[in-house]
Amino acid sequence: MVIQENLLLQRVQPDGQGGIQLLYKVNQYGVSAISRPQEEIFMIHWEVDVIKYHNQPNIAFEPCHTTELASRPLRFNNDKSLNEFLEKAFKYFAELETLEQLLPESRDTTRKSEIGR
Amino acid sequence: MSNLTAQAEGKPKDWVPKGDLQKVVTPEQMFFELPREKLFITGSEAAREAIRRANVDVAISYPITPQSETMQQAGYLYDDGYIKEYYRGEEEIGVMSAMSGASRAGVRCLTATAGPGLMRGLEAISSWPGARVPLVLLDMCRVINTPLAIQPDNIEMSFLLNTGLLVLHAENQQDFYDYPLAAFMVSEEVDVTLPAVVSTDGFFVTHARGPVEIPSEEYKLPPRDGWRSAVPAMDNENPPARLSRDAPIQKSNFISYHMHASWQQEVFAAVERSAKYFRKYLNGLVEVINPGAEDFIIASGSAVSQAREAVRQEGENGRTVGLVKVKCLRPFPKAEIIEAVKDAKRILIPEFNQAGWMQKEVCSVLYGRSKAIISDGPRVFGGMTMPTEMILEWLEEARKRTP
């Protein structure tokens, strides 16, 4: 079973192509993990992106490819590798928040994309 | 499988079917009391886990996408000894006819099909209710019309609604585990004695993973008692067996017409009687979110999942939208729907088919009983996607039309 800790939202993949999206959140950062239907069971995998949440009450976010975790969307073929990445990401996000608080101004590390709503 | 068959298939002499090692529990224990473990599995795997616990005597398969994987999984269960008999039929009419024969013999039967396979088997399927054969058919919906596709489209369900079958529509992998088990139990109730179909939208449920909470595999449902039935099982040990309970029904004379009419009335009355059992085992025929809302969405199957997200996003923006998830199409939850949307001003009915069978069902129930404007959609078909935005746009349009 995939990690439930820091799981902000589990929803149907909103683009309507089937599958499920898990949204994790630690401070302002998080991970989007999408599992879509595939023609064969062995082809089912996780599409993962590091994301940064907008500072607003609604759940809105953008992909964040400037962290040391990932410079592009990632693919994991099983739950074990996803869980390992999540554990690593949660620690990193906690440390990142501490570091960002030390900076005089927080830098905008996100870029616009269509993935965030 | 028998021990002789097992040995012929290469099992050791001391092989014990795993089904024989399972402990029989009551439906109430299975559905509500046993502790559950959360797994992340496909709909086909969820169906496999339901079959494992369903104490199935006979499973008959015939491959068609996207159903094939489920019956392949059933084959593995047969190999492990959770299913007593299993074979591949010659085609769907053969499979559905064999299902009827197996159920008449008093054993618990399961099959599965999809789209064109359902259409091919429909002649035999539509004879099941009149024959009063309890059984379960898993139906993984896909496109049935030309141009052919294997994407989700549930127009085939409209062909099932007026046959006298019990019909459930699973939204997700969890439902596709829970509903088949409930369907077995309800179909075999004495005052029901009817076949049941559990439909789900192919690929979106069968070939995608989702969270499913299930009890341990060491438990199974009670076996079918073929003699505890509205129409007793055939006694194949003492031939000749009579297929029809009342022979004159098969003759074309005035009496037979009356008998046929009363027989059909009884079949559809039995469908209604099943409601009390489904209410118990499914925690109601419908699930209602945000009762009392002015805007409502009524949906079944995958459309519910898309609607849930639309309801959530509307909530984030301070707008309350109600949702009625219809779990059971036959019997249709008329009273529940009327009650749920009594304050609604606008109703949307998203569907994965061109015909809009759910919209027609809802309109027939609410005609003269609701002042709400019922939108004729949104609908997608042939494998088109239904993004959440589509439902949100339809909601916005409905509000503009009826402030």
Side-chain angles (χ1 to χ4, degrees), chain A residues 1-25 30-48 53-61 75-86 113-117, chain B residues 37-45 48 65-66 68-70 72-73 140 150-152 171-174 200-213 302-318 350 352 378 380 383-392:
Chain A
M1 188 62 197
V2 290
I3 288 176
Q4 302 291 294
E5 182 192 355
N6 297 322
L7 182 62
L8 176 67
L9 179 65
Q10 175 183 293
R11 63 179 176 180
V12 66
Q13 173 54 20
D15 67 10
Q17 294 182 37
I20 196 166
Q21 182 180 41
L22 307 181
L23 291 173
Y24 294 90
K25 187 170 188 277
V31 171
S32 159
I34 295 171
S35 178
R36 296 181 189 278
Q38 300 289 334
E39 201 163 331
E40 301 289 345
I41 287 177
F42 72 85
M43 294 162 69
I44 296 177
H45 60 274
W46 288 103
E47 297 167 24
V48 173
Y53 287 92
H54 295 177
N55 192 16
Q56 62 185 60
N58 291 3
I59 295 175
F61 56 85
R75 174 187 168 123
F76 296 110
N77 289 327
N78 54 52
D79 295 350
K80 184 170 174 283
S81 53
L82 172 66
N83 284 341
E84 285 170 1
F85 177 77
L86 287 173
S113 164
E114 292 176 354
I115 292 180
R117 183 168 64 79
Chain B
E37 180 191 4
K38 196 172 186 178
L39 305 176
F40 203 71
I41 54 179
T42 66
S44 299
E45 291 168 326
R48 176 195 66 206
T65 303
S68 305
E69 227 143 35
T70 295
Q72 181 189 13
Q73 302 280 331
M140 290 71 152
I150 54 172
Q151 298 301 319
E171 173 195 353
N172 51 30
Q173 292 83 0
Q174 181 70 61
T200 196
D201 298 326
F203 284 112
F204 282 13
V205 176
T206 56
H207 286 58
R209 297 170 74 206
V212 182
E213 293 185 2
S302 293
V304 176
S305 295
Q306 298 302 129
R308 280 187 201 281
E309 176 59 11
V311 168
R312 190 195 67 78
Q313 290 188 22
E314 286 288 89
E316 279 189 336
N317 292 314
F352 280 82
V380 296
M384 288 165 63
T385 61
M386 185 187 286
T388 306
E389 283 81 356
M390 178 184 274
I391 297 174
L392 295 173

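Each chain gets a letter, A, B and so on, in the order its sequence line appears, and its residues count up from 1. No experiment lies behind these values; they were computed from the predicted model shown. Computed from heavy atoms alone, side chains included, the values below leave out hydrogens, waters and symmetry copies.
Here Pro37(A) is the residue among Pro57(A), Gly18(A), Pro37(A) with the most heavy-atom pairs under 4.5 Å with chain B.
A side-chain donor from one of Glu45(B) and Thr42(B) sits under 3.5 Å from a side-chain acceptor of the other. Donor-acceptor pairing under 3.5 Å is recorded for the side chains of Glu309(B) and Gln313(B). Using a 3.5 Å distance cut-off with no hydrogens or angles, the side chains of Gln56(A) and Asn58(A) do not pair a donor with an acceptor. Of the N and O atoms on the side chains of Asp79(A) and Trp46(A), at least one donor lies less than 3.5 Å from an acceptor on the other residue.
Using a 4.5 Å cut-off between heavy atoms, Ile44(A) contacts chain B through its side chain alone, with no backbone atom that close. No part of Arg308(B) comes within reach of chain A, as not one of its non-hydrogen atoms sits under 4.5 angstrom from that chain. Using a 4.5 Å cut-off between heavy atoms, Gln10(A) contacts chain B through its side chain alone, with no backbone atom that close. For Glu69(B), the part lying near chain A is the side chain, with the backbone staying farther off; criterion is any non-hydrogen pair under 4.5 Å.
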Q | Intermediate values then yes/no, salt bridge (Lys or Arg N to Asp or Glu O under 4.0 Å), Arg75(A) and Glu47(A) | A | CA-CA 5 Å; Arg75(A) 174 187 168 123; Glu47(A) 297 167 24; over 6 Å; no
